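First comes the structure, then the notes that go with it.
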Amino acid sequence: MGTWLTEKFGLALPVVGAPMANVSGGRLTAAISAAGGLGMLGAGSAVSAEWIRTEGAIAAESGNPYGIGLMAWSVKNHADHLEAVLELKPALVSLSYGDYSPYVEPLQAAGIVVATQAGTVADAHEAIAAGVDVIVVRGAEAGGHGRNDVGTLPLLQAILDLTDLPVLAAGGISGPRGLAAVLAAGAAGGWIGTAFLTCAEGLTKDWARKRLVEADETDTVYGTVFDAASRAGWPDEFGGRALRNPFYDTWEGKEEALKADDDGHNQYITATDPTAASLYAGQGVGALHAMTTAADVLQNFAAYKTYLRAVMG
Ligand SMILES: Cc1cc2nc3c(=O)[nH]c(=O)nc-3n(C[C@H](O)[C@H](O)[C@H](O)COP(=O)(O)O)c2cc1C
């Protein structure tokens with residue numbers, strides 16, 4: 001059951017461990033790649049180029065292919081992030097959230113496969129025009145940042161119909177049934193984040209893992225409250241999906257005021273529990289029932305073949 005994804009990178013499973021800022025450092029990335037998927041380092045706007053070099057070296061140590069996810073709006077002010085990535089030469093780089101078109105050619109010239117996440121059909125047209133190698137269809141149910149316009153399934157069908165480029169599906173793939181579904185639709189694999197949130201190899205704090213395990217599928221919310229509080233510089237057009245909490249409820253609808261509120265900012269950046277900290281997660285969070293390892297998660301996803309065979313004979 002080979003796909004473009006498994007063949008291009010020599011994977012045992014058609015699974016990309018999505019880049020997740022503050023979660024997927026070098027250890028989780030390496031563990032996913034070692035267990036048969038393609039791990040991706042999540043380089044957020046706040047990291048240094050040195051962090052990318054150090055964690056990238058950890059991700060590369062085992063010799064398995066891995067990827068790095070950059071935030072396009074942040075690379076604009078951090079040319080050194082791109083430089084660090086070009087030095088590391090990972091197999092795959094994703095550029096999402098903002099104008100990434102200037103960076104596609106230099107990455108491809110270094111032999112790197114370039115991906116971007118599309119949240120609408122218009123985003124997919126832009127990706128094709130920018131010359132990316134693979135489009136990640138990111139539906140509204142996904143965790144972390146992106147758009148909230150269209151769910152994974154309608155978006156996946158629409159984008160598969162418009163391009164011959166390889167397409168990966170992201171958003172709500174919480175187990176092997178979901179992976180089988182997107183493969184059956186024609187995706188080359190799943191781009192999966194939330195399912196890896198409780199992995200021991202990740203950077204997630206223990207109190208956050210506990211809250212993620214408790215959360216059910218109705219506990220997430222999409223918005224810009226946490227970005228208004230963080231002052232990281234996220235463009236308003238990209239909100240994020242995270243667990244709803246008292247901090248979110250207090251500030252929902254008052255994002256402009258929060259941007260200028262020092263107390264709110266301080267409360268957010270010093271938070272050490274789930275009442276004020278942002279725990280980014282998708283609707284698939286309801287399927288997280290325990291602390292895991294990357295190998296456990298991938299072993300669970302490997303059952304996708306059973307579901308595919310059951311419907312396809
Ligand atoms: C905690 C968290 C952090 C994320 N950070 C990033 C990031 O740094 N860069 C990026 O391109 N996408 C990021 N994402 C989005 C993922 O790449 C992906 O779109 C999403 O996790 C897929 O949906 P799922 O969470 O339902 O599996 C993040 C997602 C989560 C849950």
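Remember, predicted model here, so these are calculated numbers, not experimental data. Atoms within a ligand are numbered from 1 in the order they appear, just like the ligands themselves.
For atom 15 (C) of ligand 1, the closest non-hydrogen atom of the protein is Gly143 O, 3.5 Å. Atom 5 (N) of ligand 1 has as its closest protein heavy atom Ala21 N, 3.0 Å. Here the protein heavy atom with the shortest distance to atom 26 (O) of ligand 1 is Gly172 N, 2.8 Å. Closest to atom 7 (C) of ligand 1, if we only count protein heavy atoms, is Pro19 O, 3.4 Å. Shortest contact from atom 21 (O) of ligand 1 to any protein heavy atom: Gly193 CA, 3.4 Å. Nearest protein neighbour of atom 4 (C) of ligand 1, counting heavy atoms only, is Met20 CA, 3.4 Å. The protein atom (non-hydrogen) at minimum distance from atom 16 (C) of ligand 1 is Ala18 CB, 3.7 Å. Residue, atom and distance of the protein heavy atom nearest to atom 11 (O) of ligand 1 are Gln117 NE2, 2.8 Å.
Glu55 and Thr29 are not linked by any side-chain donor-acceptor pair at a separation below 3.5 angstrom, with hydrogens and angles left out of the test. A side-chain N or O of Ser278 and one of Tyr268 form a donor-acceptor pair less than 3.5 Å apart.
Of all atoms in ligand 1, listed by their number and element, those nearer than 4.0 Å to a heavy atom of Ile192 are 27 (O). Contact atoms of ligand 1 toward Gly144: 28 (C), 29 (C), 30 (C), 31 (C) (distance under 4.0 Å to a heavy atom of the residue). The distance from ligand 1 to the heavy atoms of Arg138 drops below 4.0 Å at these ligand atoms: 19 (O). For ligand 1 and Gly171, the ligand atoms under 4.0 Å from any heavy atom of the residue are 22 (C), 23 (O), 26 (O). Contact atoms of ligand 1 toward Ala142: 22 (C), 23 (O), 26 (O) (distance under 4.0 Å to a heavy atom of the residue).
Salt bridge status for Glu255 with Lys259: absent, with no side-chain N to carboxylate O gap under 4.0 Å. Of the charged side-chain nitrogens involved, at least one lies within less than 4.0 Å of a carboxylate oxygen, so that Arg53 and Glu87 count as a salt-bridged pair.
The shortest separation from a heavy atom of Gly146 to ligand 1 is not under 4.0 Å, leaving the residue out of contact.
Partner of Asp296 under the side chain to side chain contact (heavy atoms under 4.5 Å, CB included) criterion, out of Thr292, Asn300, Leu298: Thr292 alone.
Separation of the Phe226 and Trp251 ring centroids does not fall under the 6.0 Å cut-off.
By the criterion of a heavy-atom distance under 4.0 Å, the side chain of Met71, and not its backbone, is placed next to ligand 1. Residue-level proximity to ligand 1 for Tyr97 is carried by the side chain, the only part with a heavy atom below 4.0 angstrom.
Annotation: Asp161, atom CG; neighbour count of heavy atoms from other residues, nucleotides and ligands within 6.0 Å is above 12. In this structure, Arg177 places its CZ atom where only 12 or fewer heavy-atom neighbours from other residues, nucleotides or ligands lie under 6.0 Å away. Within a 6.0 Å radius of CG in Asp219, more than 12 heavy atoms belonging to other residues, nucleotides or ligands are found.
In terms of polar-atom proximity, defined here as any N/O pair under 3.5 Å, Trp191 does make such a contact with ligand 1. For ligand 1, the polar-atom distance check against Thr194 finds a nitrogen or oxygen pair separated by under 3.5 Å.
When atom types are taken as modelled, the side chain of Asn245 and the backbone of Ala277 share a donor-acceptor pair closer than 3.5 angstrom. At least one donor-acceptor pair under 3.5 Å links the side chain of His265 to the backbone N or O of Ala229.
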